[in-house]
Trainee: 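Mind having a look at this structure? Questions to follow.
Below, read A as the first sequence line, B as the second, and so on, with proteins coming before strands; counting in each chain starts at 1.
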There are 2 protein chains.
Amino acid sequence: MKTLKYSRQRESIKASLMNRHDHPTADALYASIREEFPNISLGTVYRNLNLLVETGEIRKLTCGDGADHFDGDTRQHYHFVCTECNQVYDMDLGALEELNQDAQSCAPGIIDSHYVLFYGRCKNCLGKKVDKSIDKPA
Amino acid sequence: MKTLKYSRQRESIKASLMNRHDHPTADALYASIREEFPNISLGTVYRNLNLLVETGEIRKLTCGDGADHFDGDTRQHYHFVCTECNQVYDMDLGALEELNQDAQSCAPGIIDSHYVLFYGRCKNCLGKKVDKSIDKPA
DNA sequence: GTTGTTGCAAAACCTTTGCAGCTGG
DNA sequence: CCAGCTGCAAAGGTTTTGCAACAAC
């Protein structure tokens with residue numbers, strides 16, 4: 001395994017991810033890191049995000065909206081993805097320990113982990129829906 | 001909603017997807033459709049896959065390995081992804097009806113659906129592991 | 001010094017799209 | 001015909017990578 005050297009950029013990326021809870025994409029994170037490091041490059045952000053994922057310090061979320069999202073919270077928890085605004089929310093739902101065991105008997109191999117996303121419309125967008133129906137009366 | 005016209009290419013794409021159970025990517029499907037339609041273009045494959053997803057005749061799987069996979073089986077079921085060979089397997093596990101209800105109380109909106117992937121090493125790759133240790137003795 | 005890291009730019013990769021011609025209804 | 005479909009090629013968006021200069025140890 002490769003030895004990691006300290007880098008201010010990597011620390012900043014990690015700290016930034018710990019401070020926010022909106023599961024930013026690499027690009028969104030890049031935008032906010034630039035306030036501290038105006039010269040940082042997007043390539044550096046990607047390289048460090050991948051390193052941090054490898055070392056298990058952060059997590060990558062692929063939710064099917066094109067770009068990967070990143071999460072500074074590495075505890076096993078679940079996410080809610082709004083199909084309208086694509087926002088990714090944390091859910092206050094602890095690890096579903098029994099899921100792997102329940103599924104193991106149907107698996108063509110040994111289950112190490114599972115990945116769950118819940119899809120729906122968030123409260124914010126449910127609210128907007130009402131406004132929309134006012135804009136467009138039948 | 002748009003009216004769909006018959007197209008030989010779309011039927012072939014759909015039929016091909018129904019016949020195989022390996023959850024191909026658009027590109028892999030393109031390769032096999034080309035045997036029947038040597039001139040079909042990758043753009044056509046993508047356009048039709050998207051149409052078929054919209055009409056609910058097939059499903060799209062995003063499992064985080066870069067390219068989306070497609071599934072001709074639209075019944076609610078789950079998948080096992082091998083972290084070694086990236087193969088996507090069907091699991092003989094019916095819909096986990098209770099999952100949405102259990103999670104609803106922790107959700108920041110209304111849950112419509114869920115998406116679950118199980119990760120691990122498939123039997124094939126577990127077998128290869130043994131071979132590997134023979135190749136590289138301590 | 002040696003090795004890992006950076007910024008930059010180019011490339012790779014997957015997917016979508018504009019267009020002119022074709023096809024199904 | 002008209003609307004939708006096709007092949008082609010170009011463009012789009014995301015992520016990776018080669019390289020020379022630089023920073024950490």
Trainee: Between B/E57 (side chain only) and B/G72 (backbone N and O only), is there a donor and an acceptor less than 3.5 Å apart?
Mentor: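 No: the side chain of B/E57 does not pair with the backbone of B/G72.
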Trainee: Hey, is CG on A/D92 packed in by over 12 heavy atoms from elsewhere, all under 6.0 Å?
Mentor: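 No - once you tally the heavy atoms of other residues, nucleotides and ligands closer than 6.0 Å, there are 12 at most.
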Trainee: Does A/V45 offer a backbone N or O that forms a donor-acceptor pair with the side chain of A/Q9 under 3.5 Å?
Mentor: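 No, the answer is negative, given that no donor and acceptor are paired below the 3.5 Å cut-off.
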Trainee: If you go through the side-chain atoms of B/K5, does one of them form a donor-acceptor pair with the base of D/dG4 closer than 3.5 Å?
Mentor: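 No.
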Trainee: Answer yes or no: is there a side-chain heavy-atom contact under 4.5 Å between B/I111 and B/Q101?
Mentor: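 SC-SC contact between B/I111 and B/Q101 ruled out.
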Trainee: Looking at DNA chain C, which of residues 34-53 of chain B put a heavy atom within less than 4.0 Å of it?
Mentor: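 By residue number: B/L42, B/G43, B/Y46, B/R47, B/N50.
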Trainee: Taking CG from B/L4 and C1' from D/dC2, how many angstroms apart are they, rounded to a whole number?
Mentor: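 Rounding to the nearest Å, CG of B/L4 and C1' of D/dC2 are 16 Å apart.
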Trainee: Excluding sequence neighbours, so at least two apart, what forms side chain to side chain contact (heavy atoms under 4.5 Å, CB included) with A/Y46?
Mentor: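 A/Y46 satisfies side chain to side chain contact (heavy atoms under 4.5 Å, CB included) with A/A26, A/L42 only.
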Trainee: Just how far is it from atom CZ of B/R34 to atom CG of B/N39, taken to the nearest 0.5 Å?
Mentor: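 Nearest 0.5 Å value for the CZ-CG distance: 8.5 Å.
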Trainee: Out of C/dG7, D/dC5, D/dT15, which nucleotide sits closest to the side chain of A/Q9?
Mentor: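 So the nucleotide nearest the side chain must be C/dG7.
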Trainee: Tell me which nucleotide among C/dT5, D/dA24, C/dT15 gets nearest to the side chain of A/R10.
Mentor: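 Of the candidates, C/dT5 comes closest.
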Trainee: Taking CZ from A/R8 and P from D/dC25, how many angstroms apart are they, rounded to a whole number?
Mentor: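 Atom-to-atom, A/R8 to D/dC25, this comes out as 12 Å.
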Trainee: What is the distance, to the nearest angstrom, from the CG atom on B/D65 to the P atom on D/dT14?
Mentor: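 My rounded result for the distance is 18 Å.
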Trainee: Starting at atom CD1 of A/I13, determine the distance to atom C1' of D/dT15, rounded to an integer number of angstrom.
Mentor: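 The distance from CD1 of A/I13 to C1' of D/dT15 comes to 14 Å, rounded to the nearest Å.
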Trainee: How many whole angstroms separate atom CD of A/E11 from atom C1' of D/dA23?
Mentor: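 A/E11 atom CD is separated from D/dA23 atom C1' by 15 Å.
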Trainee: Using a cut-off of strictly less than 4.0 Å, decide whether A/S7 has a side-chain nitrogen or oxygen near OP1 or OP2 of C/dT6.
Mentor: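 Indeed, a polar side-chain atom of A/S7 lies that close.
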Trainee: Starting at atom OH of B/Y30, determine the distance to atom C1' of C/dC13, rounded to an integer number of angstrom.
Mentor: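 So the OH-C1' distance, B/Y30 to C/dC13, works out to 15 Å.
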Trainee: When we call it a touch if two heavy atoms are under 4.0 Å apart, what does A/D27 touch: a base, just sugar-phosphate, or nothing?
Mentor: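 The answer is nothing, as A/D27 stays clear of every strand by at least 4.0 Å.
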Trainee: Are the side chain of A/S16 and the backbone N or O of A/I33 linked by a donor-acceptor pair below 3.5 Å?
Mentor: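 Pair absent, no side-chain N/O of A/S16 close to backbone of A/I33.
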